Structures are given as structure tokens and as C-alpha cells.
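Notes follow the structure.
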2 protein chains.
Amino acid sequence: MTAEPSQMRADARENRARVLAVARELFAERGLEVPMAAIARHAGVGVATLYRRFPTKEALVMEAFTEQFALCQATIEEALADPDPWRGLRTVIEKVCLLQATDRGFTAAFVASFPDMHSEVRDRTWLGFSALVQRAKDSGQLRADFSPHDLTLVLLANGGLAGVPVDVAVAASQRLVAYLLEAFRTGTNELPPPVPLSLDLVLR
Amino acid sequence: MTAEPSQMRADARENRARVLAVARELFAERGLEVPMAAIARHAGVGVATLYRRFPTKEALVMEAFTEQFALCQATIEEALADPDPWRGLRTVIEKVCLLQATDRGFTAAFVASFPDMHSEVRDRTWLGFSALVQRAKDSGQLRADFSPHDLTLVLLANGGLAGVPVDVAVAASQRLVAYLLEAFRTGTNELPPPVPLSLDLVLR
DNA sequence: CGTCAAGTGGAGGGGGTTATCCACTTACGA
DNA sequence: TCGTAAGTGGATAACCCCCTCCACTTGACG
């Protein structure tokens, strides 16, 4: 398998790109359980071509979703630059959940890719989000007992909507997020203790 | 296949019961994707015995979960008898979500069994819950823009926790529910419109 | 051009699932 | 006790899936 797409033959590079595009599309609308053969067929290539470029299905999934993950990362960085801490936090949650509701494979890909993600990236995202949370708490707009692990909680819960048709999922997700943000904003009632939902634990 | 278990031979009746018990157990801890062969093995019978009693896997799932569904129904009836409308509603949501977090197959079974559930049962549950919601609104403890469809929203969201280990799922579910109840209680912020999450729509 | 490594498609191996078939066993009424 | 219908188990068919193999094709460079 060729490491550098730029050194591949022109037709191969084109095929690779088309496969990736089709994979993203199908994963988004049908979820990760779409067969490799279907991706190949839609891309107008044989399965061998697929496996030459992506040694395993997991590799294809990873590659197909790194774009989305980078987008999440960027969203957090952007939010940290927002002068209003609460708006920053809210925007992150809203954007990520929208992405998740729109893309049926997102949650599964996220969970699947988590273990072998470079811990550097993971930690960077995590630290960024934690900082965002702390800022929002300090500004008094976020309840003090909010935990960064609650982001994972939101992601998992929002992921539960993945099975329904996209348009419905988006509307449902927006309402769910609105409810949750309402609860995050100014808490008066006591909550059960935060759940340390590090995905290491989750995948036990 | 014998319709009346009471008319079956003694050993057959016993086997049937054991299969059902094992199925419930395995569905709860491993989800619905547990193979029929595994259920048969654990129950100490051959697969043929399974298929003699339950013509299809779906039938077995249905039968295995009617107990749980009845329990939900009962919870709603009970809540309607509670003098405190809010406590009734809260208890229903808490109990159902706990059930869902404890039993990994619950959500899938619920969604799968929904289409061919007797509409009588469906309607009865729905009407009961709607009444519960109306009572809570009238008492001023539930935000006016809460929709009965939001129960489905809660169920789907809470179902998103199904993949994690049971103990974690329970803790996470409790925190999620606490957050949501907080938001349901006294809403001041505006929400997006309710999503008509009738499962007919959801399964489209 | 011609050469040939890089690229390709489709058949099929290996493992998984649900469900069926049929020769054998067993409970139980007479 | 014994006959028989009900009950049973395991092999197996039919269908998915991921992935590999190999004979064939083609882009690109000298």
C-alpha cells in the first residue's frame, strides 16, 4: 500500500478519492454497517481496489472520519477564542451534536477510533474542552457541578438518536440539546455525582 | 407450535420456560445480537427446540420483553394514582430509564416490537402518559411546552447509553435523567418546537 | 512507442448469522 | 407395560459479512 497519495498513479489517486467520498456519504446515511462491497460498487471499483488503499475496514472508517474529528477539534479552539465563555461552550455542544445527528456513522466511528487515536490529539481536545468548561464556570454561567465528562454523556445520549431518519434526528437533537443546555446553565437542584465517562472505561 | 403452554408436555413446558429465562438474561447483558445458538446452548437445549416454541427470533424477543413492557405500563398506571403529579411523572421517567440502562436489549426490543404491538396496548400507554403530562402541567410543575413526544426523546437519548458496561450505564443514566428533569421542571428559556417522535415516523 | 510496475476486478475462502429437516428419544394415557 | 404423538438435537442449507488471491489491464516513463 502506498503511503503518499501524491506518489500514486493518477487513476489510482482519483479512485482513492472517489472511494473516500462514497464511503463518507454511505457511512453518513446508512451507518458503519454498510458493506465494503456496497462502497466499492457505488464508487465504481472492485473490492480489491478498496483493500489496496485501506488495509481494513476500520482503516477506511478512520480515514473517512478524520475530517469530522478535525472539525470538532477546530470548533473547540474557536470556542476558546470566543469572548463569551457560555456562548463558546453552547456552540461547541450544538455544533458537535448537529454533526452527530446528521451523520449516522459518526458516533460509532468516534467510539471505534478512540482507542487507537493518537493520545496527543485526544488529550489536546480534552484539555481544550476542560478549559472551556472552567471558563464558563468562572463566569458563573455554567453550574459548578458540571463535569467535562458530561460532554461524553451528551455525546452518548445524542448518539441514541442516530437510528431515526436524518431530518427527524436533527430536529430531535436540537430539542434534546436545548433541554440539556437549559439544565447546564443555572443549576439549583442537586445532581447525582458526575460519571467519569472516559471512553477507556466506556469500552471496558 | 403449541399455542397454550399449559397443554404442553411437562418437559417441554419446562424447557420453554428455561429458554425464556436464559433469553431474558442474555438479551439484558449482551443485547439482542446474541445468537440463537448461544441461547439454546445456555438453556441446555438444541436450536430446534427454540424454533419449535418461537417461530422466529423476533417472536422470542417479543415474548421475552412483554414482561418489561407490562412493567412500564404498570408504572404509568401507578403514577396516575400518585397525588403529586410531578412526582408521578418523575418516577415514571426514572424507572423506565433505569430499566433501560440495566437491560441492554430493552431499547432495541422496544423499537423492534413497536410496529406489530397491539395498537390497543400502545394507545393505552400513550394516553396514560399524556394524561400524566397534562396533570403535571396543570399543577404548574411541568413546563407548558413539554410534549408527550419528549418521552420518546428521553427514551432514545437514554438508549444511547446502552453500549457501555451496565454499572456505568446506570450511573450515567441517572445523571442524564437528573439533568433532563431539571430542564423539564420549570422552563424559562425558549425551546425548539417539540418533535413528533411517534415511532411510526422514527422507523420510516 | 514499448515495457513493466502499478493498478484492477471478481471469484471465492473462512467465519458469522437465522432457520429448517429428519432420524431419534421420551412422556404419558390407555 | 406399551404405543404413539409430542418433543428433541445436531447437521445443514441459505445468506450475510470481511478480506485475499491472481490473472488481466493500463498509466507513465525512457
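If you're wondering where the values come from, they're calculated on a predicted model, not measured in any experiment. We name chains A, B, ... by the order of the sequence lines, and we start the count at 1 in each one.
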Self-check item: Distance in angstrom units between A:Arg53 CZ and C:dG9 P, rounded
Solution: 11 Å
Quiz item: Taking atom P of D:dT26 as reference, at what distance in whole Å does atom CD of A:Glu14 sit?
Solution: 15 Å
Exercise. Specify whether A:Phe27 and A:Phe65 have parallel, tilted or perpendicular ring planes, treating 30° as the upper limit for parallel and 60° as the lower limit for perpendicular.
Key: parallel
Practice problem: Using side-chain contact (heavy atoms from CB on, under 4.5 Å) as the criterion, point out the one residue from B:Val170, B:Val154, B:Leu155 that pairs with B:Gln100. | Solution: B:Leu155
Quiz item: What class does the angle between the rings of A:Phe106 and A:Phe69 fall in, given that below 30° is parallel, 30 to 60° is tilted and above 60° is perpendicular?
Solution: perpendicular
Practice problem: Calculate the interatomic distance between B:Arg41 atom CZ and C:dT18 atom P; express it in whole Å. | Solution: 12 Å
Quiz prompt | Over 12 non-hydrogen atoms of neighbours within 6.0 angstrom of CD in A:Glu14 | solution = no
Quiz item: Could you run down nucleotides 19-30 of chain C 5' to 3' and tag each one B, S or - for protein heavy-atom contact under 4.0 Å?
Solution: BBB----BSS--
Self-check item: Any donor-acceptor N/O pair, B:Arg185 side chain to B:Gln141 backbone, under 3.5 Å
Solution: no
Quiz prompt | D:dT8 OP1/OP2 closer than 4.0 Å to side-chain N/O of B:Asn15 | solution = yes
Quiz item: If you pin B:Glu33 and A:Thr49 to their nearest nucleotides in DNA chain C, which one's is more 5'?
Solution: A:Thr49
Quiz prompt | B:Gln7 CD - D:dA5 C1' separation (whole Å) | solution = 15 Å
Self-check item: Gap between atoms CD1 and P, on A:Ile39 and C:dG10 respectively (whole Å)
Solution: 17 Å
Exercise. Would you name the heavy atoms of A:Leu99 and A:Cys72 that are closest together and state the gap between them?
Key: CD2-SG, 4.0 Å
Quiz item: How close or far is atom P of D:dC18 from atom CG of A:Leu32, stated in whole angstroms?
Solution: 11 Å
